[in-house]
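What follows is a single structure, written as structure tokens, with notes after it.
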Amino acid sequence: MASVSSLASTVDQRIADALSAALPEAGPANPLLRRSDRADFQANGLLALAKQLKGNPRELATRVVASLPADGVIKEVEVSGPGFLNITITDRAIIETLAARATDARLGVPYEPSPGTTVIDYAQPNVAKEMHVGHLRSAVIGAAMVEILEFTGENVIRRHHIGDWGTQFGMLIQYLIEHPHELDHKGAVSGEEAMSSLNRLYKASRALFDSDEEFKARARDRVVDLQAGDKETLALWQRFVDESKIYFYSVFNQLDMEIRDPDIVGESGYNDMLEETCRILEESGVAVRSEGALCVFFDDVKGPDGNKVPLIVKKSNGGYGYAATDLSAIRDRVRNLSATTLLYVVDVRQSLHFKMVFETARRAGWLNDEVHAVQLAFGTVLGKDGKPFKTRAGETVRLEDLLDEAVERATAVVREKAKDLSEEEIAERGKQVGIGAVKYADLSTSAARDYKFDLDQMVSLNGDTSVYIQYAYARIQSILRKAGEAKPVPHPELELAPAERALGLHVDQFGEVLAEVASAYEPHKLAAYLYQLASHFTTFYDQCQVLKAENPAELVENRLFLCDITARTLRQGLALLGIQSPERL
């Protein structure tokens, strides 16, 4: 358990104690402390207290200020406006607070006091289909939230609800039966080769399905065999799944993302539960029969004609819709995985579906005050023209092509700036910078918003990019290498320059930002924090020369300490976003 405090928690406690001492009649009071541009912090809680006590807020504020201890933490408090407290803390408090993190691997970030179990559903490609740019956001956002939640102490269970079931498999399996060597390989197979085989087979089977009525009939019969659990059919279906996994893993590996086999539980994983799910919903009255289908209706979901639009759990022909699978997954995750939170990283265009699924699960009692579901909805990836991202031929952009181009562009940037890197090192850094740039561009935008995919901007050294942050980290490592025998040592007795203060205060906010990001599922706020931290370091680097020959030893050590704690925070923050921090660029 990390016990290192932040400046915010220290100041908050000081003000709370002063409130209790000066205004005991008010009982426990919240200072409502926040970071401020006018001072280091601002406390706004006295306005509410003044109303409660029917007193003058400025007079009450003056009493509170007089009760503050002179303990070296708070330097100055200004009473402004109708009782706001503008609080400036001492330089010593900044350095001492950061110094307490020097041996803390968690950089002062406490564990969540009451962690739960979050099952996060993300990175959901489809079997026998290529991954495209539309698959990027679920994977990148989901992987970042996994890292962030785990860092706070939450028990996180990954789930990849891949599309591995449905009528299209009847067509694919029947074609493979009649052309048994289409998925054969000699030796190990790459992800690209696996997808090439699947693409070729899919196109050939689709062409035959559309042109040959007898094959179409055999393919439809094969769907029945698949759903009935016929062993031969299931074995062939498994070949498609295994071939697709070779491809999936190659793409996720290119994204520098770990996808583990036990975490892949696709649509097929819930087949045995579907009928029971439907029976429970019908017997409980949550779902009703309508025109032969099993449906759930909602007062606030209506079509253009004013009639209620149902969630169809079971079709009139006996087939199951996506809702049956999603509801069965909820039952499984709550009952068997003991989930307290179900987090779905899914396209915003599926919001209505999940709204209805979650409400159905609540009516059935599977979701309640102790167990809740959240959709982390994400927007669309757009091209530079503001339209959905397509190739010049109007086709969906293959994810591997996009990543390859990002690495190529980034490698060119690294090569241009490289001074002492070998070609092998340039290639390695190019991958780290290119993949990081793609991830950061996605994560630095609020998930629900669309964003423009602009590789030129993504790999730029200027502006809000991961490359800018990575270069700030690499620059610090360069400073630490050049320091020779001088080591990072905090010196609380020193007076800080304005840029040193600003940098230290921003480093201190790391834990607060992570807590907000984890609770609201907003990784873009961590990205914004890291960009601001890199910007503060750039200002510090320009205004406060670290290794200047005439600097006293203690000043050099203190500035090296600020460099080191900044670098550690940048590295940890980027790691939580799934982005690497090269030591040299």
Rounded to the nearest 0.5 Å, how far apart are CD of Gln227 and OG of Ser268?
12.0 Å

Give a yes-or-no answer on whether the side chains of Thr117 and Ser338 include a donor-acceptor pair shorter than 3.5 Å.
no

For Glu214, does the CD atom sit with more than 12 other heavy atoms under 6.0 Å from it, leaving out its own atoms?
no

Measure centre to centre between the rings of His161 and Tyr322, then say whether the value is under 6.0 Å.
no

In short, Val467 meets Ala437 closest at the heavy-atom pair CG2-CB, 4.4 Å

Under 3.5 Å donor-acceptor, Thr118 side chain and Val156 backbone:
no

Parallel, tilted or perpendicular: rings of Phe358 and Phe354 (30°, 60°):
tilted

Rounded to the nearest 0.5 Å, what's the gap from CD on Gln124 to OG on Ser138? Could you check?
3.5 Å

Shortest non-hydrogen contact from Gln580 toward Leu574
O-CD1, 4.4 Å

CZ-OG distance between Phe297 and Ser290, expressed to the nearest 0.5 angstrom
4.0 Å

With no hydrogens and no angle check, is any side-chain donor or acceptor of Ser197 less than 3.5 Å from a backbone partner on Glu193?
yes

For the side chain of Arg220 and the backbone of Gly170, is there at least one donor-acceptor N/O pair under 3.5 Å apart?
no

Distance in Å, Ser205 OG paired with Arg200 CZ, rounded so as to fall on 0.5 Å steps:
11.5 Å

Thinking salt bridges, do Asp332 and Arg159 make one under a 4.0 Å N-O criterion?
no

Taking every non-hydrogen atom, the tightest pair across Arg363 and Val296:
NH1-CG1, 3.7 Å

Validate the cation-pi geometry between Arg106 and Tyr111: distance from NZ or CZ to the six-membered ring centre under 6.0 Å, angle to the ring axis within 45°.
yes

What do the steps show when you test Val119 against Leu343 for side chain to side chain contact (heavy atoms under 4.5 Å, CB included), and what is the final call?
CA-CA 6 Å; Val119 176; Leu343 182 61; over 6 Å; no

Identify whether the distance between the nearest side-chain nitrogen and carboxylate oxygen of Arg239 and Asp184 falls below 4.0 Å.
yes

So, for Met131 and Tyr247, which heavy atoms are closest and what is the spacing to 0.1 Å?
N-OH, 2.6 Å

Could you give me the CA-CA distance, side-chain angles and deciding distance for Leu327 and Tyr270, then say whether side chain to side chain contact (heavy atoms under 4.5 Å, CB included) is met?
CA-CA 9 Å; Leu327 288 163; Tyr270 307 102; over 6 Å; no

Here the gap from Phe248 atom CZ to His160 atom NE2, rounded to the nearest 0.5 Å, amounts to 11.0 Å

For Gly163 and Asn126, which heavy atoms make the closest approach, and how far apart are they?
CA-OD1, 3.4 Å

Less than 4.0 Å between a side-chain N and a carboxylate O, is that true for Lys439 and Asp442?
no

Answer yes if the side chains of Gln42 and Asp37 hold a donor-acceptor pair under 3.5 Å, and no otherwise.
no

Taking salt bridge (charged side-chain N to carboxylate O under 4.0 Å, His left out) as the definition, give me every residue that meets it alongside Asp326, ordered by chain and number, with sequence neighbours left out.
none

Could you walk me through whether Ser328 and Thr277 pass the side-chain hydrogen bond (donor to acceptor under 3.5 Å, both in side chains) test, one step at a time?
CA-CA 6 Å; Ser328 296; Thr277 296; 2.7 Å; yes

Are Gln375 and Lys355 close enough that some pair of their side-chain heavy atoms sits under 4.5 Å apart?
no

CG (Asn30) and CG (Asn44) are apart, to the nearest 0.5 Å, by 10.0 Å

Using a strict threshold of under 4.0 Å (side-chain N to carboxylate O), is an ion pair present between Arg349 and Asp347?
yes

Just checking, is any N or O donor in the side chain of Tyr249 or Asp261 under 3.5 Å from an acceptor N or O on the other one?
yes

Could you work out, with salt bridge (charged side-chain N to carboxylate O under 4.0 Å, His left out) as the rule, every residue matching Asp456, not counting sequence neighbours?
Lys384, Arg409

Between Leu514 and Ile148, the two heavy atoms sitting closest are CD2-CG2, 4.4 Å

Tell me whether Arg158 is salt-bridged to Glu150, with the criterion being a basic N under 4.0 Å from an acidic carboxylate O.
yes

Does the plane of the ring in Phe151 sit parallel, tilted or perpendicular to the ring in Phe510? Use 30° and 60° as the thresholds.
tilted

Answer yes when Lys314 and Glu282 have at least one side-chain N-carboxylate O distance shorter than 4.0 Å, and no when they do not.
no

